[in-house]
Amino acid sequence: MWDKRLFELYCPGKERYVGREEWHRRILDSAEVFGPRNVIPNFVAGVEMAAPHGFTNVGEAIDSTTEGLEYFMSRGITPRFTTWCPEPTTPLGRTNPEGAPLEYHVRLLEAYRATMDAHGLSSPPGYGPAGPGRAVFSVSSFMDTLSAEAS
């Protein structure tokens, strides 16, 4: 979750015990120790569109998440995505049983690839070869959007 307001609302435990700025600082510190290519923070794709507080406009949600991609990728850090799957027994799951719309996910993956290309980054290590249908983990569908040459 990139948006500061939504981070505080939808990640209250992380906000209380770590905090958004500290989370970012730790990622940047990790890049100094392990090298930017070896630090792969996770974004939960779609939760920023969750009612009641999330974005109601796909473009605004994409712009927000792209801001986070730009922040990390401009520093050589390549985030990954897992898709938000609303749990039916949670407040957000009950309010948002369908999750984010398909348009959001398609546009997010386009923004991911464009931001990677803009910064000359290649696919993150450990996720197998890039390219459609080559993902080796269930959480690595973002790898399908990258060209095989990006590996």
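None of the values given here were measured: they were computed from a predicted structure.
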Legend entry - Minimum side-chain heavy-atom gap K4-E21 below 4.5 Å: yes

Inset, instruction - In plain terms, say whether R107 and E110 are close enough for a salt bridge, that is, a side-chain N and a carboxylate O under 4.0 Å apart. - result: no

Inset, instruction - Would you give the length of the straight line joining atom CG of D3 to atom CG of L9, rounded to the nearest 0.5 angstrom? - result: 9.0 Å

Inset, instruction - For the residue pair W2 and R20, establish whether any side-chain heavy-atom pair is separated by less than 4.5 Å. - result: yes

Inset, instruction - Could you pull out the closest heavy-atom pair between S123 and R37, with the gap in Å? - result: O-NH1, 2.8 Å

Legend entry - Verify same cluster id: L28, L69 (apolar side-chain graph, 4.5 Å): yes

Inset, instruction - Taking R80 for its side chain and F43 for its backbone only, find out whether a donor-acceptor pair lies under 3.5 Å. - result: no

Legend entry - Spacing of I77 atom CD1 and L121 atom CG [to the nearest 0.5 Å]: 10.0 Å

Inset, instruction - Measure the CZ-NE2 distance between F72 and H24 for me, rounded to the nearest 0.5 Å. - result: 4.5 Å

Inset, instruction - Kindly compute the distance separating OH (Y112) from CG (D117), expressed to the nearest 0.5 Å. - result: 11.0 Å

Inset, instruction - Taking all non-hydrogen atoms of both residues into account, name the closest pair between M73 and T78 and its distance. - result: CE-CG2, 4.2 Å

Legend entry - Atom CD of E98: over 12 foreign heavy atoms under 6.0 Å: no

Legend entry - Pair H105-W84, ring-ring contact (aromatic ring centres under 6.0 Å, His included): steps then yes or no: CA-CA 10 Å; H105 293 286; W84 175 50; 9.1 Å; no

Inset, instruction - Specify the closest pair of heavy atoms between D144 and G133, including all atoms of both residues, with the distance to one decimal. - result: OD1-N, 3.2 Å

Legend entry - Closest non-hydrogen atom pair between P86 and P97, with its separation: CG-O, 4.3 Å

Inset, instruction - State plainly whether one hydrophobic cluster holds both L102 and M49, where clusters connect Ile, Leu, Val, Met, Phe, Trp and Tyr through side-chain heavy atoms under 4.5 angstrom apart. - result: no

Legend entry - Heavy-atom pair of closest approach, residues P79 and I40: C-CG2, 4.2 Å

Inset, instruction - Rounded to the nearest 0.5 Å, what's the gap from OH on Y10 to CG on L92? Could you check? - result: 5.0 Å

Legend entry - Non-hydrogen side-chain atoms of M143 and P124 separated by less than 4.5 Å: yes

Enumerate, atom names and distances included, each donor-acceptor pair closer than 3.5 Å involving a side-chain atom of residues 53-60, sequence neighbours excluded.
from: N57; atom 1: OD1; to: G59; atom 2: N; distance (Å): 2.8
from: N57; atom 1: OD1; to: E60; atom 2: N; distance (Å): 2.9

Legend entry - Minimal non-hydrogen separation, P36 against G76, with atom names: CB-O, 3.3 Å

Inset, instruction - Please round to the nearest 0.5 Å and tell me the distance separating atom CZ of R113 and atom OG of S147. - result: 5.0 Å

Inset, instruction - Could you tell me whether the side chain of R75 reaches within less than 4.5 Å of the side chain of H119, counting heavy atoms only? - result: no

Legend entry - Positive for side-chain contact (heavy atoms from CB on, under 4.5 Å) with F81, one of L108, N42, V44: L108

Legend entry - Qualifying residues under side-chain hydrogen bond (donor to acceptor under 3.5 Å, both in side chains), relative to T65, sequence neighbours excluded: E48

